[in-house]
Trainee: 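Shown below is the structure under consideration.
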Amino acid sequence: MADVVTEGTAGRRTRSLRAEEALKALSVEPDSPERLRRVLEQALVFAGATLAAVYTPSEDGELLCLVECAGVPRTVYGLRDGYSPTGRSPLAEARRTGRAVRLGPEQLADRAESRRAPSRDFSLAVLPAEDDGGCLLAVTERPGGFDAEDRVCLELVAEAIAYPAPAAAAEGGELPVNAFSLAMDTGRVEVGDGLLGLFGIGPQQFDGRVETLLGLTVPEDLPSLMSVVEADHMSIGDRELEFRVLQPAGPPRWLRLRGRLLPGGEGRPARLVGTVADASTLRAEVTDVTRVQRLAAALATAGTVRDVSHAVVTALRKPLRADRIALAELEHDRLVVTVLDPPEPESWPELWRLEWRTDWPDAPVRAMPTLAAALREGRARIWPAGTPLEPALADVGPGGLAVLPLPAGGRMAGACLIGWDTPHEFGPDERALLTASAGLAGQALMRAHAFDAEHELVGMLQRQLLPRRLPRLPGAEAVARYLPTTAGLEVGGDWYDVIPLPDNHVALVIGDVQGHSAAAATLMGQMRTALRAYAAEGHPPDVVVHHANRLLMDMETDLFATCCYVDIDLEEGTGWCVRAGHLPPVLRRPDGGTEIAEAEGGPPLGVMRQADFPMSPLGLTPGTIVALTTDGLVESAEDDIDTGMERLALELARSDPAHLGLVADALLVGARRNDDIALLLLRYDGMAVRPLRESWTVWRVPEAVGHARRFTRRTLRAWGVPQRDADTVLLVVSELVTNALVHTDGRVRLDLTFVNHRVRVAVADASPRTPVKPASLSWEATGGRGILLVEAMSAAWGTVPVSGGKQVWSEVATSD
């Protein structure tokens with residue numbers, strides 16, 4: 001049974017010898033930009049580094065410049081393109097003393113340079129290179145940093161570093177056949193004759209402009225190329241990418257560009273120099289350790305466990321020509337699978353299919369003792385074809401099976417299983433690729449697991465601040481969607497709300513608090529609560545928003561909020577819209593036509609104390625959809641808000657209004673998720689039965705109660721309410737109006753509503769004091785019986801605050 005190289009003493013000795021042999025093999029290659037990269041990649045494979053870089057002095061000696069790097073992007077660790085040779089950086093110290101500098105997480109935390117790095121533990125080593133005053137910088141995330149054998153490997157790498165001349169020839173000389181030199185200030189490019197042949201043009205056809213070469217590329221690949229040739233998007237160091245060029249006949253040709261940006265000086269522009277080669281002729285076997293660098297770069301940007309798993313599968317399955325690959329997290333005694341390739345259950349062993357509980361299976365480790373032993377030992381294992389294994393593993397790779405425990409933080413984070421159906425030979429380079437990949441994947445899996453856990457906590461907090469469910473509305477249906485950004489872990493400030501109001505009105509609210517932070521989320525919750533409270537008091541829309549603005553100004557916060565508030569009368573199909581720095585509603589008419597409502601707007605909330613928030617009317621016909629959203633759905637780096645709103649209106653026109661939930665989901669397809677997205681849709685259907693309403697202002701005159709009774713009697717007779725039910729309503733009106741006149745001052749209003757065989761009596765007055773039902777009454781009491789009588793005669797009764805006062809209401813059921 002063959003094993004991958006272990007971490008024992010013999011294994012470490014073998015590792016340094018193999019590193020020395022690999023570097024000697026590279027030394028016979030001619031000097032080129034590729035060679036330095038290949039040398040650095042040996043530090044990734046043999047020394048356990050996640051990043052290796054070379055810094056050399058600039059021509060004027062005033063800066064140590066990054067000239068080449070491999071592995072995880074340097075920005076992950078806060079490393080810069082250049083450092084002062086007289087500063088306190090580890091690079092400057094190693095260059096001055098001529099000795100290696102090694103720093104652990106605690107020592108790095110005390111240095112100013114570490115403040116640029118994210119909160120993660122890593123160790124750093126800087127070794128002076130031979131001649132030229134350059135330095136090798138290496139980073140590892142292993143606990144304890146680089147061990148003794150790692151340091152030997154790093155010393156070998158430092159000795160092997162040679163600084164190739166730029167691809168551009170010396171002044172007045174000729175370029176190599178496939179090389180180029182691009183002046184970043186003018187866009188003029190010098191190229192070798194072989195490079196022009198790759199683009200399919202001759203020297204006579206080339207005018208020396210980089211735009212000419214870019215015009216021959218496949219349009220889909222142009223953005224990635226532009227990110228290289230535009231100085232604003234480029235940093236000092238190496239760049240590599242593959243792109244396609246159009247051919248006169250046949251499919252496009254794949255080319256690979258490798259280059260680096262050389263800083264300019266006085267009178268000298270910055271130049272991008274490098275080579276372009278035919279990608280189909282480049283070495284593509286699994287022995288090419290550039291795959292480790294690519295995997296490291298992919299894992300550095302993988303945020304979630306699923307992202308990490310997909311990056312590992314993409315990096316390993318095709319190079320290894322494997323038939324199946326699985327990656328799983330280790331949770332207690334179970335292996336929780338995160339990615340299977342291929343994903344079909346029938347491609348995997350029976351045990352796995354029996355444990356298929358959700359999207360992926362989670363199999364017990366105890367059912368696979370061979371796997372459990374590999375995890376305990378913490379080293380990669382390989383079993384060739386014919387090795388007797390338990391069925392749960394044998395069926396994964398009958399032609400060969402590799403199990404890679406994924407170490408991280410002193411424990412096993414998970415395992416990667418790679419299987420072949422036909423007999424597979426495991427070469428030494430392939431074993432090195434597996435070993436290096438396991439270490440990188442384990443660290444990335446731990447980071448992603450923490451990211452997922454924190455992201456779920458953030459999402460839970462966000463959900464608690466938003467409505468748990470939307471209310472059922474008479475004559476309308478509302479749905480909402482919220483998508484948090486995937487760009488970070490901070491809670492956002494987007495919110496929405498649907499507020500049922502009296503008399504079959506409904507308020508639609510959507511808003512966005514500036515920023516992503518706990519403060520923004522807290523303020524979002526406060527603003528949502530405040531708007532709901534002001535709306536429930538019965539204020540018109542402009543007053544509701546004005547009160548919210550005043551509240552935010554009084555809170556003395558540095559944050560501001562935008563808001564769109566729409567009050568819709570579901571009986572009449574009319575509405576009023578108030579905007580406070582927010583996007584206007586988009587309306588989809590029943591005939592499929594859409595329009596962006598012309599709603600005049602005011603400033604955002606919390607900006608100006610004396611601000612006007614005008615109301616704009618909306619007319620709705622049955623079948624109309626009202627769409628409210630935040631800018632995360634319609635604004636991006638590529639499109640401004642106006643373009644995004646037009647796109648939203650077009651997509652809304654294409655939707656089927658019969659299925660409002662599907663409409664909302666379709667509008668979110670392809671959302672970029674660079675910002676939070678809130679979406680609120682309401683379809684106005686019209687009320688099948690519209691209530692009958694009448695109102696009466698009660699004047700404070702001796703016959704006020706009698707006038708109210710006569711008004712009520714006439715109204716009930718016109719509505720066809722049976723006499724016996726009318727008598728009950730008249731009694732309730734008498735008691736409520738009398739209480740209002742006796743116990744309050746100011747205006748009194750009587751409202752009658754009749755719908756669905758119920759008469760609703762509502763008496764509003766200017767006193768906020770709620771009537772109190774007495775707990776008991778003696779035979780001598782002269783008051784308090786009115787409320788008990790109203791309760792006895794009503795199917796339901798209650799009181800609500802309205803506009804500084806209150807409204808006492810009662811509902812009386814009538815016979816058919």
Side-chain angles (χ1 to χ4, degrees), residues 25-41 67-68 70 162-231 234 237-262 269-285 287-290 293-294:
L26 290 176
S27 66
V28 302
E29 297 183 359
D31 288 347
S32 67
E34 291 82 1
R35 182 191 178 281
L36 183 54
R37 166 72 72 83
R38 298 289 303 280
V39 170
L40 292 179
E41 285 170 347
V67 296
E68 190 71 67
Y163 309 109
E171 193 71 26
E174 294 185 359
L175 286 169
V177 291
N178 284 359
F180 68 89
S181 176
L182 170 66
M184 303 302 290
D185 59 343
T186 63
R188 304 293 298 182
V189 59
E190 302 173 19
V191 297
D193 294 341
L195 187 147
L196 291 178
L198 293 175
F199 280 82
I201 60 176
Q204 296 78 16
Q205 300 171 279
F206 183 54
D207 57 5
R209 299 170 60 247
V210 70
E211 292 84 355
T212 303
L213 299 179
L214 294 175
L216 299 173
T217 63
V218 173
E220 290 83 354
D221 298 344
L222 191 58
S224 60
L225 267 177
M226 292 299 296
S227 69
V228 173
V229 302
E230 290 180 356
M234 189 80 173
D238 182 80
R239 290 296 182 272
E240 177 179 332
L241 62 86
E242 292 184 355
F243 62 99
R244 293 165 293 174
V245 293
L246 300 171
Q247 298 293 299
R253 170 187 289 180
W254 279 98
L255 302 180
R256 179 177 296 172
L257 180 147
R258 286 176 174 167
R260 63 183 181 276
L261 185 68
L262 301 180
R271 302 186 70 85
L272 177 67
V273 299
T275 60
V276 176
D278 188 341
S280 62
T281 65
L282 298 178
R283 195 157 57 103
E285 296 85 357
T287 55
D288 191 348
V289 293
T290 58
Q293 186 266 344
R294 293 176 182 174

Trainee: Hey, are the side chains of Leu246 and Val218 touching, using non-hydrogen atoms and a 4.5 Å cut-off?
Mentor: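 Heavy-atom side-chain distance check passes, below 4.5 Å.
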Trainee: Who pairs with Thr186 by side-chain hydrogen bond (donor to acceptor under 3.5 Å, both in side chains), at least two apart in sequence or on another chain?
Mentor: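 side-chain hydrogen bond (donor to acceptor under 3.5 Å, both in side chains) list for Thr186, sorted by chain: empty.
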Trainee: Set out, in order, the CA-CA distance, both residues' side-chain angles and the distance that settles side-chain contact (heavy atoms from CB on, under 4.5 Å) for Val210 and Phe180, then state yes or no.
Mentor: CA-CA 10 Å; Val210 70; Phe180 68 89; over 6 Å; no
Trainee: Nearest 0.5 angstrom please: Leu255 CG to Phe199 CZ, how far?
Mentor: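 If I round to the nearest 0.5 Å, the distance is 6.0 Å.
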Trainee: Using the rule given for side-chain contact (heavy atoms from CB on, under 4.5 Å), can you reason through Leu257 versus Val276, listing the C-alpha separation, both sets of side-chain angles and the distance that settles it, and then say yes or no?
Mentor: CA-CA 5 Å; Leu257 180 147; Val276 176; 4.2 Å; yes
Trainee: Residues in salt bridge (charged side-chain N to carboxylate O under 4.0 Å, His left out) with Arg188, at least two apart?
Mentor: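 Result, salt bridge (charged side-chain N to carboxylate O under 4.0 Å, His left out) vs Arg188: none returned.
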Trainee: Donor-acceptor check, side chain of Arg253 to backbone of Leu198, threshold 3.5 angstrom: yes or no?
Mentor: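 At least one qualifying donor-acceptor pair exists.
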Trainee: Going through the checks in order, is the side-chain contact (heavy atoms from CB on, under 4.5 Å) test met by Leu214 and Phe243?
Mentor: CA-CA 11 Å; Leu214 294 175; Phe243 62 99; over 6 Å; no
Trainee: Can you name the residues that form a side chain to side chain contact (heavy atoms under 4.5 Å, CB included) with Pro203, not counting sequence neighbours?
Mentor: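 Result, side chain to side chain contact (heavy atoms under 4.5 Å, CB included) vs Pro203: Asp193, Leu196.
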Trainee: Roughly how far, to the nearest 0.5 Å, is the CD1 atom of Ile201 from the CG atom of Leu195?
Mentor: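 So the CG of Leu195 and the CD1 of Ile201 are separated by 8.5 Å.
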Trainee: What's the spacing between Arg244 CZ and Leu216 CG if we round to 0.5 Å?
Mentor: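 Spacing of CZ (Arg244) from CG (Leu216) equals 14.5 Å.
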Trainee: Are any non-hydrogen side-chain atoms of Leu213 and Glu211 less than 4.5 angstrom apart?
Mentor: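 Contact flag for Leu213/Glu211 side chains = no.
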